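One structure below.
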Amino acid sequence: MAFFDDAQRAKVTIKRMVFHLVGPEAKDLVLLQETSPGKFADFFLGRILSVNGGILYRFSDASSTRTRLARIAADGKTFQAESERLAEDFQQHHGGSAAAGAFLVFEIDVAGEQCFALLKYDDETVLSYGFEEDEKGRKKVSLEALERTFVQNREALQKSALIRLTDGGGELVVLDRRNQQKVARYFETFLGAKRVHENAEITSTLVKVTRDLFLENKELVPEQVFREMTKRTYDAAAAGGSIGVDDQKSFLDTVLGQKLPDDHPLVAKYHNALRRARIDGTPVTLDASAVKPPASRRYVTRNKIYIRVPTEMIDAIKVEGNQIIINDRLEATYDDPEPTG
């Protein structure tokens with residue numbers, strides 16, 4: 001889900017920040033002092049806001065990360081010491097195959113509400129260049145490799161958690177860029193948090209949101225899609241696949257059988273419905289195990305003959321042109337009683 005709504009996003013500011021160096025070996029841990037973002041505040045704020053979507057988590061009762069953040073929230077003087085303990089905890093869980101980088105701790109203000117952001121940046125080697133004139137006035141390029149960098153590339157920001165503490169624990173939105181639909185186990189363990197909703201539940205909610213959207217906006221939905229929405233939404237979910245933070249519209253497009261332009265009125269209504277259901281910006285691996293397939297398919301002829309066919313018998317029906325053919329043995333015929341009253 002999205003951690004900040006549009007109004008909150010406009011009011012996020014960084015109160016304090018610090019980062020420490022981490023890596024696959026013990027010697028990679030380097031603890032640094034708190035720093036001010038200064039003129040780079042907008043850069044770091046942009047990185048925080050870029051991870052607004054993710055998977056919803058809750059702290060477990062034994063979460064040491066929640067305990068350390070709660071100490072900072074209660075007493076700002078502990079910010080440096082607790083950030084170092086957080087970095088040490090992260091380094092311990094990090095694992096030998098993880099890339100070296102920076103572990104950042106932010107205390108942020110959201111319209112007067114205290115929140116936190118924990119980010120893991122992977123080091124990326126970039127080249128900086130400049131030029132100078134030689135003795136003949138010709139411009140000569142110089143290159144320099146920079147290995148410890150903060151870059152705007154979203155893929156460099158590998159692990160992130162936006163956190164809002166509560167009396168009962170706290171709410172987290174967690175994003176893993178390596179696998180948006182499944183956060184790395186070591187990061188979950190470090191946070192001491194558990195997913196609130198599994199893939200099957202998120203998929204079921206996504207299907208319900210889409211079906212309700214069609215029912216409430218029949219005039220915006222193609223007639224055939226509207227008639228087949230139960231089957232189409234089930235088929236889209238049962239096909240599996242993954243949906244990322246930024247491509248939830250792909251499910252709607254699959255159900256419709258066409259890619260709607262972003263400015264189509266149904267798209268805005270779809271995103272609003274996802275937000276109300278608290279699954280906007282939630283990555284998911286589609287799992288239809290909690291979605292019921294259509295129980296039957298109904299046919300209506302020109303002369304208003306109504307035919308209802310159980311889904312498991314749908315292969316017995318053949319439609320050729322404007323004719324419907326039932327390939328089944330007739331077992332009985334019944335007359336309806338005369339209406340009374």
Side-chain angles (χ1 to χ4, degrees), residues 1-9 12 48-59 110 115 117 154 159-164 166 169-184 187-188 191 193-217 220-221 225 229-230 232-256 259-260 262 264-293:
M1 59 168 262
F3 194 75
F4 306 124
D5 60 30
D6 292 341
Q8 291 172 326
R9 283 174 62 89
V12 178
I48 293 170
L49 294 177
S50 75
V51 295
N52 190 39
I55 300 174
L56 183 63
Y57 276 73
R58 293 272 190 267
F59 281 123
V110 187
C115 295
R154 299 173 79 180
K159 306 287 186 292
S160 58
L162 303 180
I163 301 166
R164 180 182 289 114
T166 63
E171 183 177 79
L172 307 82
V173 165
V174 181
L175 183 61
D176 187 334
R177 287 289 178 190
R178 290 191 183 277
N179 188 342
Q180 293 187 14
Q181 294 75 27
K182 184 175 177 60
V183 175
F187 195 52
E188 289 182 328
L191 292 171
K194 296 182 179 180
R195 288 183 64 144
V196 175
H197 307 296
E198 296 299 330
N199 285 316
E201 184 179 356
I202 298 171
T203 302
S204 178
T205 302
L206 182 61
V207 167
K208 183 179 186 305
V209 163
T210 306
R211 290 174 180 175
D212 289 346
L213 177 74
F214 287 0
L215 289 171
E216 295 167 3
N217 299 275
L220 297 176
V221 182
V225 174
M229 68 173 152
T230 303
R232 283 173 171 259
T233 50
Y234 175 79
D235 288 347
S242 298
I243 296 176
V245 170
D246 301 318
D247 64 348
Q248 285 187 298
K249 176 176 167 288
S250 63
F251 186 80
L252 178 65
D253 291 338
T254 298
V255 174
L256 290 169
K259 188 173 182 179
L260 291 182
D262 290 340
H264 192 284
L266 195 64
V267 174
K269 292 176 180 290
Y270 176 70
H271 286 303
N272 287 336
L274 294 177
R275 190 174 299 114
R276 290 193 298 272
R278 302 195 75 197
I279 61 168
D280 55 316
T282 300
V284 60
T285 297
L286 294 172
D287 178 351
S289 60
V291 180
K292 290 184 178 180

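A quick note: this is a predicted structure, and the numbers were derived from the prediction, not measured.
Closest approach of K159 to D176, counting heavy atoms only: CE-OD2, 3.1 Å. Contact detail for A161 and V174: the closest heavy-atom pair is CB-CG2, 4.3 Å. Closest of all the heavy-atom pairs between I48 and V51 is O-CG2, 3.0 Å. The shortest non-hydrogen separation linking Q180 to G244 is OE1-CA, 3.2 Å. Here the closest non-hydrogen pair linking F3 and C115 is CE2-SG, 4.3 Å. Listed here is the closest heavy atom pair of F251 and A237: CE1-N, 3.8 Å.
Inter-residue side-chain proximity for L260 and K249 is flagged as met; some heavy-atom pair is nearer than 4.5 Å. Using a 4.5 Å heavy-atom threshold, the side chains of M229 and V255 count as separate. The shortest side-chain heavy-atom distance between I55 and P283 falls under the 4.5 Å cut-off. Side-chain contact between H264 and V267 is present, with heavy atoms from C-beta onward closer than 4.5 Å. When side chains are defined from C-beta on, L252 counts as touching L256, because their heavy atoms get closer than 4.5 Å. Contact of the L220 side chain with the F214 side chain is not registered, since no non-hydrogen atoms from C-beta on lie closer than 4.5 Å. No side-chain heavy atom of R58 sits under 4.5 Å from any side-chain heavy atom of R195. With contacts defined as side-chain heavy-atom distances shorter than 4.5 Å, the pair S250/I243 qualifies.
Atom CG of L286 and atom CG of N199 lie 8.0 Å apart (nearest 0.5 Å). Expressed to the nearest 0.5 Å, how far CG of L56 lies from NE2 of H197 amounts to 5.5 Å. How far OH of Y270 is from CG of D280: 10.5 Å, rounded to the nearest 0.5 Å. Once rounded to the nearest 0.5 Å, the distance linking CG of N52 with CZ of F4 reads 6.0 Å. Here the OG1 atom belonging to T210 is positioned 7.0 Å from the CG atom belonging to L274, to the nearest 0.5 angstrom. Note: L49 CG to Q8 CD = 11.0 Å, rounded to the nearest 0.5 Å.
Using modelled atom types and a 3.5 Å distance limit, the side chains of E171 and Y57 yield no donor-acceptor pair.
For the pair K208 and D212, the salt-bridge criterion is met [side-chain N within less than 4.0 Å of a carboxylate O].
Within 6.0 Å of NZ on K269 lie no more than 12 heavy atoms contributed by other residues, nucleotides or ligands.
A side-chain donor-acceptor contact under 3.5 Å links R211 to the backbone of T230. Remark: side-chain polar atoms of Q248 are paired, donor with acceptor, to backbone N or O of I279 under 3.5 angstrom. Checking side-chain atoms of S204 against main-chain N and O of A200 turns up no donor-acceptor pair under 3.5 Å. Distance alone, capped at 3.5 Å, places no donor-acceptor pair between the N179 side chain and the A184 backbone.
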